[in-house]
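Throughout, protein chains are lettered first and strands after them, A, B, ... in sequence-line order, and every chain is numbered starting at 1. Values below: every heavy atom of this structure, side chains too, minus hydrogens, waters and symmetry copies.
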Amino acid sequence: RWEEERYPEGIKWKFLEHKGPVFAPPYEPLPENVKFYYDGKVMKLSTKAEEVATFFAKMLDHEYTTKEIFRKNFFKDWRKEMTSEEKSTITNLSKCDFTHMSQYFKAQTEARKQMSKEEKQKIKDENERLLKEYGYCVMDNHKERIANFKIEPPGLFRGRGNHPKMGMLKRRIMPEDIIINCSKDSKIPSPPPGHKWKEVRHDNKVTWLVSWTENIQGSIKYIMLNPSSRIKGEKDWQKYETARRLKKCVDKIRNQYREDWKSKEMKVRQRAVALYFIDKLALRAGNEKEEGETADTVGCCSLRVEHIKLHPELDGQEYVVEFDFLGKDSIRYYNKVPVEKRVFKNLQLFMENKQPEDDLFDRLNTSILNKHLQDLMEGLTAKVFRTYNASITLQQQLKELTNPDDNIPAKILSYNRANRAVAILCNHQRAPPKTFEKSMMNLQSKIDAKKEQLADARRELKSAKADAKVRRDEKSKKTVESKKKAVQRIEEQLMKLEVQATDREENKQIALGTSKLNYLDPRISVAWCKKWGIPIEKIYNKTQREKFAWAIDMAEEDYEF
DNA sequence: TAATGTGACTCAGAAAGATACAA
DNA sequence: TTTGTATCTTTCTGAGTCACATT
């Protein structure tokens, strides 16, 4: 297995062979009867302009097509694709009527749903063929699954939150944009007929197979392997091992930064307070970002004065810091945290004579912080604290919440609650599902029905008992037994439903997936399952079991993070 | 030098798609 | 048995982190 293989420093593989990427299907022009209207009049668009128009039409129902920035960016990029005639006619987006196009696409979606079984199967088979041919590569001696072998199709860029580039045209990626990475002695993938690759290279110090430069931010996109692959699994394992090394020295580090709160040097104090937040609140490092290029979000080091409020006293607690800022993906972080007096006083100092838009930690950035962390422990960076605190929290919570006498569903509820504690710590949120209220009501009515059923069963049991008392024969005794069993079964079903309701309610706005997949040492979960006799399938689905195969292999019931 | 840029990788929630379940 | 719908799974691709090169 891959756990045993070793490579010299920086070398990621010796042999790499793959088939290259799958390109987005070419644009299919709309049928003649689907019309676009400008200023109330039918207008036939050139193919290029029409394609971009369809991107907008497909999003018509979405809120962001009403946003000014989105519309402005879209219109600007759309005009670039128009012929000069179109350009001179179409001068106002508000006069464009995409509704007919939009209806056509909705009808198409509907038609796809209504397809016969055979037609659906045909599509499925084709997808499978594609996966079989392009979805795998050979890295060293293993056939590995590729994560994203399909090139992103063209469309309109949708950033998260208040992104200044929303609505811009994401251009179509051509073979001429593509860099292929594979080994010299492999069969080099051939570009589509009539095309050439931008470059073919043989760099075994990186893990990607294909790359191209995207036109919105000018950043590089990659095709890489699936999480189940050796190269990803090994790295994942390493990540948790680093976090476990932090566990051994975290007390020392904590004492150190507490000392540094008193330092004469401003830089050191800021570093120490920031690190305290990263450790205590599991904040992200917070790199600087180029203004105007992305949504305005921050992490710890990039916090601004306007993102915190200091309360010498709040709701009976002393020295409370109120955080309110947008973090990664523009997810709001809101928290009121009582801190130590010394931290509080330092924050007051940092905020002195500053404007709301000034940096809170003006003498600090992620590079300075990470250099310092590197000195404290090899391989230590800001994000290791997140991994460490997430995993240790799961372990503690599992110990605290698991009741040995509980049945399996109740134990799983405890697991989910432990998982939830981590998700809350890491601020992993989701939009409440659109059908949440409804599904909650459905569940409640199920519970009510089950309760009635239970009452009936109990009544029947009672009368059966009475009956048996009178008759005193074998048959009626047996009836009592079976009625007892029925009551028990219904009680269990009821309990299961109630547990489910609790779980769902508590989970309304919490996303468990990210922490489960990226922050929790899977060996903790595997060990917990073994210890309590919970089938691993109850915790990890098939994909997750593939990703965590190394942990399932490795961890025994006594594993300690 | 510290600031800035570049590249490669992890982590993120929404949306689409597949499946299970109830009517 | 079929069909509609709720839920679970997978896909998608944007948004971070962090190391290292360049100026």
Output yes when at least one side-chain N/O atom of [X] is less than 4.0 Å from OP1 or OP2 of [N], else no.
X       : N       : result
T366(A) : dT17(C) : no
Y519(A) : dA12(B) : yes
H163(A) : dA15(C) : yes
K124(A) : dT19(B) : yes
K239(A) : dC11(B) : yes
K205(A) : dG7(B)  : no

Closest nucleotide among [options] to the [X] side chain:
X       : options                   : result
D329(A) : dA15(C), dA14(B), dC11(B) : dA15(C)
K235(A) : dG13(B), dT11(C), dC9(B)  : dC9(B)
R160(A) : dC9(B), dA12(B), dG7(B)   : dA12(B)
N541(A) : dT10(B), dT9(C), dT13(C)  : dT9(C)
Q217(A) : dA15(C), dC11(B), dT10(B) : dA15(C)
H428(A) : dC18(C), dA12(B), dC11(B) : dA12(B)
N148(A) : dT13(C), dG13(B), dA19(C) : dT13(C)
I220(A) : dT13(C), dA8(B), dC18(C)  : dA8(B)
M224(A) : dA8(B), dG16(C), dA12(B)  : dA8(B)
T514(A) : dA15(B), dT13(C), dC11(B) : dC11(B)

What nucleic acid atoms does [X] come within less than 4.0 Å of, heavy atoms only: base, sugar-phosphate, or nothing?
X       : answer
N287(A) : base
P153(A) : sugar-phosphate
K113(A) : nothing
R545(A) : nothing
K12(A)  : sugar-phosphate
A295(A) : nothing
E214(A) : nothing

**Heavy-atom side-chain contact between W550(A) and P522(A) under 4.5 Å** = yes
**Message:** Could you check whether any side-chain heavy atom of L520(A) comes within less than 4.5 Å of a side-chain heavy atom of T393(A), counting everything from C-beta outward?
**Reply:** no
**Message:** Is the ring pair Y519(A)/H428(A) parallel, tilted or perpendicular, if the boundaries are 30 and 60 degrees?
**Reply:**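 Taking H428(A) first and then Y519(A), their aromatic rings sit tilted (interplane angle of 30° to 60°).
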**Request:** Return the orientation label for the Y333(A) and F325(A) ring planes: parallel under 30°, perpendicular over 60°, tilted otherwise.
**Result:** parallel
**Request:** Starting from the 5' end of DNA chain B, give me the residue, R112(A) or A431(A), whose nearest nucleotide shows up first.
**Result:** A431(A)
**Asked** Looking only at N and O atoms, is any donor in the side chain of K383(A) or the base of dC11(B) less than 3.5 Å from an acceptor on the other one?
**Response**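 Answer no: no donor N or O sits under 3.5 Å from an acceptor.
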**Item:** Comparing G379(A) and T297(A) on DNA chain C - which has the more 5′ nearest nucleotide
**Value:**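 Upstream on the strand: T297(A).
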**Message:** Please compare E152(A) and G327(A) by the position of their nearest nucleotide in DNA chain C and report the one closer to 5'.
**Reply:**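 The residue whose closest nucleotide sits nearer the 5' end is E152(A).
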